[in-house]
S.K.: 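Provided herewith is a single structure, encoded as structure tokens, for subsequent inquiry.
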Amino acid sequence: MRLYEILLVFHILASISIIGPAFVLPIIRRSARTVSQLHFAFSVTTKLALMPKIGGAVLIVTGIWLMIITKMGLAQWWLNASILLALLMVVIIDGCIEPRTKKIVKIIAENQNQDDKIPTEFALLIKKLIPIETAAQLLMIAILSLMVVKPF
């Protein structure tokens with residue numbers, strides 16, 4: 001295999017490691033119906049949240065390397081747009097979703113020894129989180145769409 005093909009495989013795998021959890025983790029969190037299920041769901045999603053961070057670093061490194069190898073640079077509109085959308089997605093995930101998720105995890109940990117009823121404070125926080133997660137998912141769809149329409 002040539003270097004280009006190896007980098008392309010790692011680039012694709014890295015994008016999957018970002019996109020997969022971003023779509024699946026909110027579904028896992030929203031499926032919980034009791035405090036114990038919430039605690040389990042958030043502990044799993046917190047551990048899986050590391051995957052997109054590692055994948056994001058690999059995606060950036062392999063993307064830059066691919067741009068250098070192909071001498072493409074930032075001359076393509078779809079590449080510039082996808083980079084901007086990806087940066088916006090990172091800001092949304094790291095700046096908006098993660099802090100709210102940590103607050104929810106803290107509330108769940110405080111209520112774990114009490115009854116199994118989900119606290120109303122949790123419901124309010126999750127309602128605020130859903131539109132932000134949806135925005136991040138829509139950004140991912142937009143990025144994927146740009147990858148499909150790009151010229152080969």
S.K.: If you link I, L, V, M, F, W and Y whenever their side-chain heavy atoms are under 4.5 Å apart, who else ends up in the same group as Leu84?
M.R.: none
S.K.: Minimum heavy-atom separation for Ala136 to Ile93, with atom names?
M.R.: CB-CG1, 4.3 Å
S.K.: Linking I/L/V/M/F/W/Y whenever their side-chain heavy atoms sit closer than 4.5 Å, directly or via other members, would Val9 and Ile6 fall into one cluster?
M.R.: yes
S.K.: With Ser43, which residues qualify under side-chain contact (heavy atoms from CB on, under 4.5 Å), at least two apart?
M.R.: Phe40
S.K.: Mind checking what makes side-chain hydrogen bond (donor to acceptor under 3.5 Å, both in side chains) contact with Thr62, not counting sequence neighbours?
M.R.: His11
S.K.: Tell me who clusters with Leu124, hydrophobic residues only, linked when side chains sit under 4.5 Å apart either directly or through other members.
M.R.: none
S.K.: Which residue, Ile143, Ile54, Leu59, forms the side chain to side chain contact (heavy atoms under 4.5 Å, CB included) with Ile18?
M.R.: Leu59
S.K.: Under 4.5 Å between side-chain heavy atoms, hopping through other hydrophobics if needed: is there a path connecting Ile60 to Ile83?
M.R.: yes
S.K.: Tell me whether Ile132 shares a hydrophobic cluster with Ile19, the cluster being built from Ile, Leu, Val, Met, Phe, Trp, Tyr side chains joined at under 4.5 Å.
M.R.: yes
S.K.: Can you name the nearest heavy-atom pair linking Leu79 to Met67, along with the distance?
M.R.: CD2-SD, 3.2 Å
S.K.: Provide the full list of side chain to side chain donor-acceptor pair (under 3.5 Å) pairs with a residue in residues 80-91, sequence neighbours left out, each pair given once.
M.R.: none
S.K.: Check the pair Leu138, Thr134 against side chain to side chain contact (heavy atoms under 4.5 Å, CB included), reporting the backbone distance first and the verdict last.
M.R.: CA-CA 6 Å; Leu138 291 172; Thr134 303; 4.2 Å; yes
S.K.: Within a strict 4.5 Å, meaning less than it, do heavy atoms of the Thr34 and Leu38 side chains meet?
M.R.: no
S.K.: With ILVMFWY side chains joined below 4.5 Å, transitively, what does Ile16's cluster contain besides itself?
M.R.: Leu3, Tyr4, Leu7, Leu8, Ile12, Trp65, Leu66, Ile69
S.K.: Any side-chain heavy-atom pair from Val58 and Val61 closer than 4.5 angstrom?
M.R.: no
S.K.: May I have all residue pairs that pass side chain to side chain donor-acceptor pair (under 3.5 Å) and include part of residues 98-108, sequence neighbours excluded?
M.R.: Lys53-Glu98
S.K.: Name all residues meeting the side-chain contact (heavy atoms from CB on, under 4.5 Å) criterion together with Leu139; count only those two or more places apart in sequence or in a different chain, and write none if there are none.
M.R.: Leu85, Leu88, Met89, Ile92
S.K.: So which pairs with a foot in residues 36-52 pass salt bridge (charged side-chain N to carboxylate O under 4.0 Å, His left out), sequence neighbours left out?
M.R.: none
S.K.: Could you list the residues that satisfy side-chain contact (heavy atoms from CB on, under 4.5 Å) with Pro26, not counting sequence neighbours?
M.R.: Arg29, Arg30, Glu133, Gln137
S.K.: Residues two or more places apart in sequence or in another chain: which of them pass side-chain contact (heavy atoms from CB on, under 4.5 Å) with Val91?
M.R.: none
S.K.: Would you give the length of the straight line joining atom CD1 of Ile97 to atom CD1 of Ile130, rounded to the nearest 0.5 angstrom?
M.R.: 11.5 Å
S.K.: Would you say that Phe23 contacts Ile141 through its side chain, given a criterion of any heavy-atom pair below 4.5 Å between the two side chains?
M.R.: yes
S.K.: Does Leu25 share a hydrophobic cluster with Val44, counting links as ILVMFWY side-chain heavy atoms below 4.5 Å and allowing steps through other members?
M.R.: yes
S.K.: Got a second to check how far Leu50's CG is from Ser17's OG, nearest 0.5 Å?
M.R.: 10.0 Å
S.K.: Do Leu48 and Val90 land in one hydrophobic cluster if side-chain heavy atoms of ILVMFWY residues count as linked below 4.5 Å?
M.R.: no
